[in-house]
Amino acid sequence: MHHQLLQPLRLCASRRLTSPGKTLHANILKLGLDRYGALPNTLISMYGKCGLIKDAVQLFDEMPQRDPVSWASILTAYNQSNLPNHALSLFPFMFTRDSLQPDHFVFASLLNSCAALNALRIGQQLHAQFMLSPFSSDEVVKSSLVDMYAKCGSVDTARSVFDTISSKNPISWTTLISGYARSGRKSEAVDLLRDMKESDLFSWTALVSGLIQSGHLISAFHLFIEMRKEGIKIIDPFILSTIIVASANLSSLELGKQVHSLVLKLGFQSSLYISNSLIDMYAKCSDIIAAKTTFHGILTKDVVSWTSIIVGLAQHGRAQEALSLYDDMVSTGIKPNEVTFIGLIYACSHVGLVSKGRDLFKSMVECYKLNPNLHHYTCLLDLYSRSGYLDEAENLLNSMPFEIDEAVWASFLSCCKRFGNTQMGIRVADRVMELGVKDPSTFIVLSNVYAGAFMWEKVAKVRKMMVSMDVKKEPGYSCVDLGRENEVFYAGEMCHVMKDEILVLLKDLDEEMRRRGYVPDVSFVLHGLGFKE
DNA sequence: GTAGGGTTAG
């Protein structure tokens, strides 16, 4: 009897059919078969795959007799519920409570947890235990070792494990290609794919998306085109969504639109991943209307859809629209996540909605039980300081559980200067000096603050530091998309072909701004340091 | 019961 129940349970697991799975469990209990054969372990695995981790854990804890299969099932369940740390902390009880030894399935699951957590030390310990175990030649475990080392930043070790695999399959190849590509080792990644006899859509996706993650955007596009020429069929939308991300990062509306038409041609427009990345792409490429159209065209929007449009609107300075969409989102019953709040506080920051931003931060912690990270504190700090709430900003700075980086210090410092709080400016500047400075623009802000307080010895000290570190400021530039071409303008550039037209336009704009009440602030201008600003 | 590729973040 219990054999006939295994198949439907496995079907529920693979198709994520939660309620039929529960019904089957109820029937199994009624028949008194819940301790029969493979049924207990299959139930754990079914609950894990359906995302019901609590039910899986309860079954596991209440089992009178656990075996390595039960352990592999619960460890995998934790990984699939995004709780790899629970898997690692449970594992020692396999020895102490159950007197069992890990098998190859258990090793593979645990290495997966390490990869997700960047836990290199534990990964190395498991590697040693694996080598001493009777399973030391298992090739699935070796593939997970390759992945673990690559994800923990040790790509060369990943390579040496890969070389010990005697019969490599497409999965082991793809794992290493992805590792090289994500670490930015372009030529090794490409060479590996070319050495691979049976490259498939998976390996190409790993290559292209890894290169996009490491910033090799143009190469990624060339490889994508090569893949199409090779005749690899695009049978799922994964690679298209990464290519959309690349268009967004290149700020190229032209490329983004082309990829969008390819999406339509191949029929993947209903994929949520695709629509979500299109929202972001259109927003980053300045077409906020197309971003909104994409968003409203989605039938079942998820948190990422809502978050993407909120962030996009915030970046376009449309704070009110972003905030009112947030209200719509909550009333639709979608719970915001950490990223949503970054977008919301960011929106407030750009229009000076201080108390709204403060309330949102509070509701994030109190209503949604989300842990604010460095980005949230940075946004909130930015909100206070840009709006001139310098005391709140300084209090936050002193009470937050994170170390902010130099750019954030510099931004706060320039706000002290802008709002004329000389004492706080000096206090903060002294702290920044102690922490050490690397970025040329930070030196400039520091020098401005000290100069504003007539502290000439400190100004001289900053100058000396700049000279001794051979600081050179990279000239700022902006980039204008002219359809087929890009035009790059450097600050201080005086040899452009359209120089005369540009200067006339600039003069007109300047006069118009002054007519509307703009008073230029020249107190920031730094003389005699050889900077072209 | 185990291993590979995808979206949002100053």
Side-chain angles (χ1 to χ4, degrees), chain A residues 10 13 38 41-42 44-46 48-49 67-77 79 102-112 115 135 138-148 150 165 169-179 181-182 200-210 212-213 236-245 248 268 271-281 283-284 302-312 314-315 336-343 345-346 349-350 373-383 404-405 407-408 411:
Chain A
R10 288 187 182 133
N41 290 336
T42 312
I44 293 176
S45 149
M46 183 275 293
K49 295 232 159 59
D67 60 14
V69 181
S70 332
W71 278 87
S73 307
I74 195 67
L75 296 173
T76 305
N79 286 340
D103 66 3
H104 43 313
F105 289 83
V106 170
F107 279 122
S109 293
L110 289 168
L111 288 166
N112 209 327
F135 309 96
D138 185 90
E139 294 181 349
V140 172
V141 179
K142 286 187 182 174
S143 278
S144 13
L145 277 167
V146 172
D147 193 44
M148 182 278 292
I165 303 178
N169 63 18
I171 297 184
S172 34
W173 285 89
T174 305
T175 308
L176 189 59
I177 290 173
S178 171
R182 280 188 316 249
D200 58 7
L201 183 61
F202 265 63
S203 42
W204 280 96
T205 308
L207 177 66
V208 170
S209 83
I212 291 167
Q213 282 169 43
D236 63 39
F238 283 34
I239 197 160
L240 294 171
S241 63
T242 64
I243 283 291
I244 296 169
V245 173
F268 290 116
S271 154
L272 194 54
Y273 271 104
I274 292 285
S275 316
N276 290 347
S277 39
L278 282 172
I279 296 173
D280 182 55
M281 182 277 290
K284 288 210 169 86
D302 69 354
V303 215
V304 179
S305 328
W306 288 95
T307 302
S308 303
I309 192 67
I310 286 171
V311 170
Q315 284 165 344
N337 66 17
E338 285 92 346
V339 187
T340 319
F341 281 101
I342 291 182
I345 303 170
Y346 184 70
S349 163
H350 281 249
N373 61 32
L374 176 61
H375 286 299
H376 298 102
Y377 283 103
T378 304
C379 282
L380 196 59
L381 190 72
D382 198 54
L383 167 67
I404 58 170
D405 66 22
V408 182
S411 145

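Looking at heavy-atom distances under 4.0 Å, A/D280 makes contact with sugar-phosphate atoms alone, never a base. Within 4.0 Å (heavy atoms only), A/D200 reaches at least one base atom of the nucleic acid. Residue A/D405 is in base contact, counting any heavy-atom pair closer than 4.0 Å across all strands shown. Looking at heavy-atom distances under 4.0 Å, A/D147 makes contact with sugar-phosphate atoms alone, never a base. A/Y346 comes within 4.0 angstrom of sugar-phosphate atoms only, judged by non-hydrogen atoms across all strands, and of no base. At the heavy-atom level, A/V146 lies nowhere under 4.0 Å from the strands shown. Counting any heavy atom pair closer than 4.0 Å across all strands shown, A/V69 reaches a base atom. A/A407 comes within 4.0 angstrom of a nucleotide base, judged by non-hydrogen atoms across all strands. Residue A/I274 is classed as having no contact, given no heavy-atom separation below 4.0 Å to the nucleic acid. Residue A/N112 is classed as a sugar-phosphate contact, given heavy-atom separations below 4.0 Å to backbone atoms only.
For the side-chain hydrogen bond (donor to acceptor under 3.5 Å, both in side chains) test, no residue two or more places apart in sequence or in another chain qualifies with A/S241. Partners of A/N276 under the side-chain hydrogen bond (donor to acceptor under 3.5 Å, both in side chains) rule, at least two apart in sequence or in another chain, are A/D302, A/S305. With sequence neighbours excluded, no residue satisfies side-chain hydrogen bond (donor to acceptor under 3.5 Å, both in side chains) with A/S73. Applying the side-chain hydrogen bond (donor to acceptor under 3.5 Å, both in side chains) test to A/S143 and every residue at least two apart in sequence or in another chain returns nothing. Every residue meeting the ring pair (Phe, Tyr, Trp, His ring centres under 6.0 Å) condition with A/H350, not counting sequence neighbours, appears here in chain and number order: A/Y346.
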- Between A/S277 and A/D280, does a side chain to side chain donor-acceptor pair (under 3.5 Å) hold up when you go through it step by step? CA-CA 5 Å; A/S277 39; A/D280 182 55; over 6 Å; no

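For DNA chain B, the contact window with chain A, defined by any atom under 4.0 Å from a protein heavy atom, covers B/dG1 to B/dG10 in 5' to 3' order.
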